[in-house]
Undergrad: 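Sharing a structure with you now.
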Amino acid sequence: MFDKVLIANRGEIALRVLRACKELGIATVAVHSTADAESMHVKLADESVCIGPPAARDSYLNIPQLLAACEITGADAVHPGYGFLSENARFAEILDDHGIVFIGPKAEHIRSMGDKIEAKRTAKRLGIPVVPGSEGGVTEDSEALRIAQEIGFPVIIKAASGGGGKGMKVVHSADEMSVQLSTARSEAKANFGDDAVYIEKYLQKPRHIEVQVIGDGRGKAVHLGERDCSLQRRHQKVWEEAPSPALNAEERERIGNIVAKAMAEMQYRGVGTIEFLYENGEFYFIEMNTRIQVEHPVTEMITGIDLVNEQIRIAGGAELSFTQDEVVLRGHAIECRVNAENAKTFRPSPGMVSQWHVPGGLGVRVDSHVYQGYTIPPYYDSLAGKLIVLGKNRTECLMRLRRALDEFVVDGIETTLPLFRQLVRNPYIQDGQYDIHWLEKQLDADT
Ligand code: ADP
């Protein structure tokens, strides 16, 4: 096992990784920008290195600085968290060239899944059902129209290198195609440095259901059930739960087995998530994330498996510590992403947190780097913390979430807590009757 892990991230996930390392008896190195010197993970790490100014490209995305930090501290592995360099195949290769282990999948898998066109091809080849659409990239209007007519309007144009829910264009009819295609391509180029786009059937009322997988890199892979992330705003997840209120045991087993078999065949290493849209009893692959995800704790809560611990152990060459039969889903878990934002306008609200009182009690977990007196810097995403609640069943989980949200006190900044207090009381949420468009419609109706 590793002696020392450098955590190439910030915020709650840096703390999450640090906790896993401590429990494995591994020394930790925190890296931070000048804006994050007072961050919790820096205070708790065994060592810390300042790697640059606030802008992420000069610090958390700065590969030479990260390598220097490894060199100075003698770290033998790097955990990239999520975001930043976590899905950068080049970074994984550079670390490898320097004899440092990247705690994540093989570079070839990061690369092939990072290109969403290539990812869909790979998924299809491995027997995973995909959203109907173009076979590859689309550049010409005539080709786009032909595909749209074949699969039927509406369609969605997506960037091959896209992420973060950005740059997707829904096209409702043939006369919109030309403008939307050229806008999508130029936005893709501007945002992701790659103008390749592809076309998919735009599903009207799907749920977002994703399957957690873990592989040993040598042909063994298991799934840990699904997460339902249908509550979204601007294609970004707001609330996640496991298991999905929309799936029955047979559907869960069917899709889980398809995915686990595919990952075993790929010889996938580490944790990964296969994302699907689910409509009328069918699953349609949209993408794979080759990293730990923000919402991983809901899976941990219902399985009792520490995903970050497994990730580190597997990167260190260990076997999977459990078999598929040993994965037992118990109870129901929900995660709320508590963002430092106004709960109505979603305007970021950085600043000093004058009061921070988190809920507790049975089945309540808060993953957060925030503490009283901490100042949330304006330079990064606005995730202040995650409230995760476990109940024996969904009803108990919702009642527990309701009381946990009521205990949560934050002052000095605005947060999205008021939104969650409303959602947890909403009859549609209580019935589990929501698709990926539900939240936006609800928010529009409220304003
Ligand atoms: P990103 O990598 O930017 O997050 P995804 O492909 O994962 O993009 O899609 C993000 C979200 O966008 C999905 O959860 C869903 O809400 C919406 N979306 C993506 N593809 C489609 C589609 N074909 N039909 C309807 N909604 C879609």
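Indexing begins at 1, ligand by ligand and atom by atom, following the structure's order. The residues of the chain are indexed from 1 along the displayed sequence.
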Undergrad: Does the N or O separation between I156 and ligand 1 drop below 3.5 Å for any pair?
TA: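 Between I156 and ligand 1, no N or O pair is found under 3.5 Å apart.
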Undergrad: Could you tell me, atom by atom, which parts of ligand 1 come under 4.0 Å of a heavy atom of Y202?
TA: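 Result: 24 (N), 25 (C), 26 (N).
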Undergrad: Looking only at protein heavy atoms, which one is nearest to atom 3 (O) of ligand 1, and what is the separation?
TA: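 That would be G165 N, 2.6 Å.
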Undergrad: Considering the heavy atoms of M168, write down every atom of ligand 1 situated less than 4.0 Å from one of them.
TA: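 Every atom of ligand 1 under 4.0 Å from some heavy atom of M168: 3 (O), 8 (O), 9 (O), 10 (C), 12 (O), 19 (C).
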Undergrad: Considering the options Q293, H296, E241, E240, which one meets the side chain to side chain donor-acceptor pair (under 3.5 Å) requirement together with R227?
TA: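 It is Q293, the one option of Q293, H296, E241, E240 that forms the side chain to side chain donor-acceptor pair (under 3.5 Å) with R227.
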Undergrad: Does any part of the side chain of E143, heavy atoms only, come nearer than 4.5 Å to the side chain of R146, both counted from C-beta?
TA: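 Yes. Closest side-chain heavy atoms under 4.5 Å.
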Undergrad: Would you call K386 and E12 a salt bridge, taking side-chain N to carboxylate O under 4.0 Å as the test?
TA: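 Counted as a salt bridge, because a side-chain N and a carboxylate O are separated by less than 4.0 Å.
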Undergrad: Salt-bridge test for K237 and E295: reply yes if a basic N is under 4.0 Å from a carboxylate O, no otherwise.
TA: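 A salt bridge links K237 with E295.
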Undergrad: Please report which non-hydrogen protein atom sits nearest to atom 27 (C) of ligand 1, along with the residue it belongs to and the distance in Å to one decimal place.
TA: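 Heavy-atom neighbour on the protein nearest atom 27 (C) of ligand 1: L277 CD1, 3.6 Å.
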Undergrad: In terms of atom number and element, which parts of ligand 1 are under 4.0 angstrom from non-hydrogen atoms of G164?
TA: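 The atoms of ligand 1 under 4.0 Å from a heavy atom of G164 are 1 (P), 3 (O), 4 (O).
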Undergrad: Taking a cutoff of less than 4.0 Å between a non-hydrogen atom of the residue and any ligand atom, is Q204 in contact with ligand 1?
TA: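 Under 4.0 Å: no for Q204.
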Undergrad: Among all protein non-hydrogen atoms, which one is nearest to atom 15 (C) of ligand 1, and what is the separation to 0.1 Å?
TA: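 Answer, as residue, atom name and distance: I436 CD1, 3.6 Å.
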Undergrad: Record the part of Q236 in heavy-atom contact with ligand 1 below 4.0 Å; permitted values are side chain, backbone, both and neither.
TA: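 The answer is neither; Q236 stays 4.0 Å or more away.
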Undergrad: Taking both backbone and side-chain atoms of H208, is any N or O found less than 3.5 Å from an N or O belonging to ligand 1?
TA: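 Among all N and O atoms of H208, at least one is under 3.5 Å from an N or O of ligand 1.
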Undergrad: Measuring from atom 8 (O) of ligand 1, which candidate in K205, R207, K158, K116 has the nearest non-hydrogen atom?
TA: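 The residue whose heavy atom sits nearest atom 8 (O) of ligand 1 is K116.
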Undergrad: In terms of residue, atom name and distance, what is the protein heavy atom nearest to atom 24 (N) of ligand 1?
TA: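 Ranked first by proximity to atom 24 (N) of ligand 1 is L203 N, 3.0 Å.
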Undergrad: Does the pair E300/R16 count as a salt bridge with the N-to-O cut at 4.0 Å?
TA: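 Looking at E300 and R16, the cut-off is met.
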Undergrad: Can you tell me how far OG of S186 sits from CG of L181, rounded to the nearest 0.5 angstrom?
TA: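 So the gap between those two atoms works out to 9.5 Å.
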Undergrad: Check K124 with E135, please: is the shortest side-chain N to carboxylate O separation under 4.0 Å?
TA: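 Between K124 and E135 there is a salt bridge, with a charged N closer than 4.0 Å to a carboxylate O.
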Undergrad: Should the pair E341-R347 be classified as a salt bridge under the 4.0 Å nitrogen-to-oxygen rule?
TA: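 So E341 does not pair with R347 through a salt bridge.
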Undergrad: Do me a favour and list the nearest non-hydrogen protein atom to atom 7 (O) of ligand 1 with residue, atom name and distance?
TA: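 Here the nearest protein heavy atom works out to E287 OE2, 2.7 Å.
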Undergrad: Give the numbers and elements of all ligand 1 atoms closer than 4.0 Å to a heavy atom of Q232.
TA: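 Matching atoms, with element in brackets: 11 (C), 13 (C), 14 (O), 15 (C), 16 (O).
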Undergrad: State yes or no: are the ring centers of Y284 and H208 separated by less than 6.0 Å?
TA: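 Judged by ring-centre distance (under 6.0 Å), Y284 and H208 do not meet the cut-off.
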Undergrad: For atom 12 (O) of ligand 1, what is the closest protein heavy atom, and at what distance to 0.1 Å?
TA: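 Result for atom 12 (O) of ligand 1: H235 ND1, 3.1 Å.
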Undergrad: Out of curiosity, is H437 lining ligand 1, as in a heavy atom under 4.0 Å away?
TA: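 The answer is no: ligand 1 sits nowhere under 4.0 Å from a heavy atom of H437.
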Undergrad: Which ligand 1 atoms, with their elements, are less than 4.0 angstrom from a heavy-atom of E275?
TA: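 Close to E275: 7 (O).
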Undergrad: Can you measure from OG1 (T299) to CG (L307) and round to the nearest 0.5 angstrom?
TA: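 If we round to the nearest 0.5 Å, T299:OG1 and L307:CG are 6.5 Å apart.
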Undergrad: Any Lys/Arg nitrogen of D195 or R185 sitting under 4.0 Å from an Asp/Glu carboxylate oxygen of the other?
TA: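 Here D195 pairs with R185 in a salt bridge, since their nearest N and O are under 4.0 Å apart.
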